[in-house]
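Along the sequence shown, residues are numbered consecutively beginning with 1.
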Amino acid sequence: MTLGWGRHYAMVEPSQFRVEYAINPFMDPAVQPDPQRATAQWQQLVDTLRAVGSTVDIIPGRLDSPDMVFAMNLGLVLLRPEWQGAGRRSVVLSHMRFPQRRNETPSAQRWFETNGFAASYVGREGVGAHFEAGDAFPFRGDLVVGIGPRTDELALKHLAADLGVTVRGVRITHPAMYHLDLAFCPLDDRRAIVCPEALEPASADLLLSLVPEPLVITEEEAISTLCANSVVVGRTVVMPACPPRVRAQLEAWGFEVVLVDVSEFHLGGGSVRCLTNPLDITLGRELVPVTGGRVVAPPSERENPAA
């Protein structure tokens, strides 16, 4: 079955995008994106998503937040049936690891609340657990969350309790794949792009065991093309680049590959997925409700293996 989510996105307009600091291996303030080219690439991504059947809502940027264009990390949205209470639409706002990005959260909160989303936190303003939504994906009924570089293990418990779902942690160890969205891309209910080299071995084994038909990519493929940082709309995969081997497998599975050049944004360490935040993940469809929530901790951790 195709993914039920991925047909409604939020994106942040790119006028303030620049490389002002270095918080990942891709960023170098001495190498700046071309503003006109970046704007044209961003608009092409918007147009492409709309053409393949997605709705795109636009969030204003802010002058002091050059990375806010990477909308995936503003928060994790969940639609809840009315009988679940807590509002029809909710968002767990990100608590950014680096203080340079924390100015984004108040603006994101205003936009989400204005548009009918009830906001919650796992931490805020430098206090409490860090959580960045680019580390969280629904897959086969559970929420898979990468921890390590940007998201704390403590955030797993907060997410499980807040959302009422099973949260499975996997430990990221690769400095250039600092968010799970650079190493993991769900394709449908059985398939996903996975880069095992982004993860601690036990976590890589766990993630591969969750995917009945993984499309395994190498470290070189993941970093040189950012091909895992893609979005899926039905049977269409919108990608920044696609190695021939990866394209052949996707097409053999019946997917159409659509390439969109967003190379200016690679200078900030993000690509297609980082620029988009899905607004249609739904409890009871993508995520199985669990009373009180449940955490499955990373397998390498001997203490507190589950809670």
Side-chain angles (χ1 to χ4, degrees), residues 1-11 41-58 71-72 76-79 133-134 136-144 179-196 198 207-218 221-222 224-263 265-266 270-288:
M1 294 178 60
T2 59
L3 294 180
W5 58 282
R7 292 172 170 81
H8 190 182
Y9 291 101
M11 295 178 62
Q41 290 180 349
W42 182 91
Q43 187 61 55
Q44 182 60 43
L45 178 57
V46 172
D47 294 344
T48 298
L49 290 172
R50 288 172 172 165
V52 299
S54 284
T55 299
V56 179
D57 297 338
I58 308 302
M72 180 68 188
L76 173 64
V77 168
L78 184 64
L79 307 185
F137 286 92
F139 192 70
R140 295 178 68 82
D142 297 340
L143 189 69
V144 180
H179 282 136
L180 190 60
D181 63 14
L182 291 160
F184 180 57
C185 178
L187 297 168
D188 59 21
D189 68 330
R190 292 184 53 81
R191 304 179 179 102
I193 298 172
V194 182
C195 180
L207 187 56
L208 289 170
S209 74
L210 296 176
V211 183
E213 297 180 69
L215 199 173
V216 176
I217 61 173
T218 66
E221 288 171 329
S224 66
T225 69
L226 299 188
C227 63
N229 200 253
S230 300
V231 301
V232 181
V233 184
R235 305 305 292 181
T236 302
V237 188
V238 181
M239 311 182 77
C242 189
R245 180 186 68 84
V246 175
R247 178 189 285 270
Q249 183 60 77
L250 290 171
E251 291 179 345
W253 281 340
F255 291 97
E256 178 186 5
V257 174
V258 175
L259 300 183
V260 179
D261 180 10
V262 290
S263 54
F265 297 95
H266 292 187
S271 194
V272 171
R273 171 65 68 185
C274 291
L275 293 165
T276 57
N277 191 317
L279 302 181
D280 54 353
I281 297 169
T282 303
L283 187 66
R285 187 181 65 185
E286 280 75 53
L287 294 168
V288 176

How many angstroms lie between CD in Glu286 and CG in Leu143, if you round to the nearest 0.5 Å?
11.5 Å
Is there a side chain to side chain contact (heavy atoms under 4.5 Å, CB included) between Trp42 and Val262? Walk through the geometry before answering.
CA-CA 7 Å; Trp42 182 91; Val262 290; over 6 Å; no
Please give me the minimum heavy-atom distance between Leu275 and Phe265, naming the atom from each residue.
CD2-CD2, 3.8 Å
On the 0 to 90° scale, with breaks at 30° and 60°, tag the Trp5-Phe137 ring pair as parallel, tilted or perpendicular.
tilted
Between Met239 and Leu250, does the side chain to side chain contact (heavy atoms under 4.5 Å, CB included) criterion hold? Intermediate values first, please.
CA-CA 12 Å; Met239 311 182 77; Leu250 290 171; 3.8 Å; yes
Kindly indicate whether the side chain of Ile281, heavy atoms from C-beta on, has any atom under 4.5 Å from the side chain of Leu287.
yes
What is the distance from atom CG of Leu79 to atom CG of Leu283, rounded to the nearest 0.5 Å?
9.5 Å
Tell me, do Leu207 and Val144 make a side-chain contact under 4.5 Å, heavy atoms counted?
yes
Residues Val211, Glu213; criterion side chain to side chain contact (heavy atoms under 4.5 Å, CB included); working and verdict
CA-CA 6 Å; Val211 183; Glu213 297 180 69; 5.5 Å; no
Side chains of Pro196 and Val216 in contact at under 4.5 Å (non-hydrogen atoms)
yes
dist Arg235:CZ -> Thr2:OG1 (nearest 0.5 Å) comes out at 7.0 Å
Measuring from atom OG1 of Thr55 to atom OH of Tyr9, what distance do you get when rounded to the nearest 0.5 angstrom?
11.0 Å
Would you say Arg285's side chain and Gly4's backbone share a donor-acceptor pair under 3.5 angstrom?
yes
Looking at Ser230 and Ala228, would you say the former's side chain and the latter's main chain have a donor-acceptor pair under 3.5 Å?
no
In Å, rounded to the nearest 0.5 Å, how long is the span from CE of Met72 to CZ of Arg273?
5.5 Å
Which heavy-atom pair separates Ala136 from Leu76 by the least distance, and what is that distance?
CB-CD2, 4.2 Å
Assess the residue pair Val233 and Arg7 against the criterion (side chain to side chain contact (heavy atoms under 4.5 Å, CB included)); give the C-alpha distance rounded to whole Å, side-chain angles, the decisive distance to 0.1 Å, and a yes or no.
CA-CA 6 Å; Val233 184; Arg7 292 172 170 81; 4.2 Å; yes
Using atom types as modelled and distance alone, determine if a side-chain donor or acceptor of Asn277 lies under 3.5 Å from a backbone N or O of Ala10.
no
Counting N and O atoms only, with roles assigned by atom type, does the side chain of Glu221 sit under 3.5 Å from a partner on the main chain of Ile217, one being a donor and the other an acceptor?
no
Test Cys227 against every option in Cys195, Cys242, Pro243, Cys185 by the side-chain contact (heavy atoms from CB on, under 4.5 Å) rule and name the one that passes.
Pro243
Can you tell me if His179 and Asn229 form a side-chain donor-acceptor pair at under 3.5 Å?
no
Measuring from Ser271:OG to Asp181:CG, what's the distance to the nearest 0.5 Å?
9.5 Å
Could you tell me whether the side chain of Val231 reaches within less than 4.5 Å of the side chain of Val237, counting heavy atoms only?
no
Would you confirm whether Arg50, through its side chain, and Val56, through its main-chain N or O, come within 3.5 Å as a donor-acceptor pair?
yes
Is the terminal nitrogen or CZ of Arg191 (NZ for Lys, CZ for Arg) located under 6.0 angstrom from the six-membered ring centre of Trp253 and within 45° of that ring's axis?
yes
Side chains of Pro212 and Arg140, heavy atoms from C-beta outward: is any pair under 4.5 Å?
yes
Is it the case that the side chain of Thr276 and the backbone of Val272 share a donor-acceptor pair, with hydrogens and angles ignored and the cut-off at 3.5 Å?
yes
Does some side-chain heavy atom of Asp57 sit less than 4.5 Å from a side-chain heavy atom of His8?
yes
Is the side chain of Thr225 donor-acceptor paired with the backbone N or O of Ala222 at a distance under 3.5 Å, no angle test?
no
I'd like to know if the side chain of Gln44 reaches the main chain of Asp261, judged simply by a donor and an acceptor atom lying under 3.5 Å from each other, with no hydrogens or angles considered.
no
Beyond-backbone contact of Met11 with Val46, side-chain heavy atoms, under 4.5 angstrom
yes
Mind checking whether Leu259 and Val257 have side chains closer than 4.5 Å, heavy atoms only?
yes
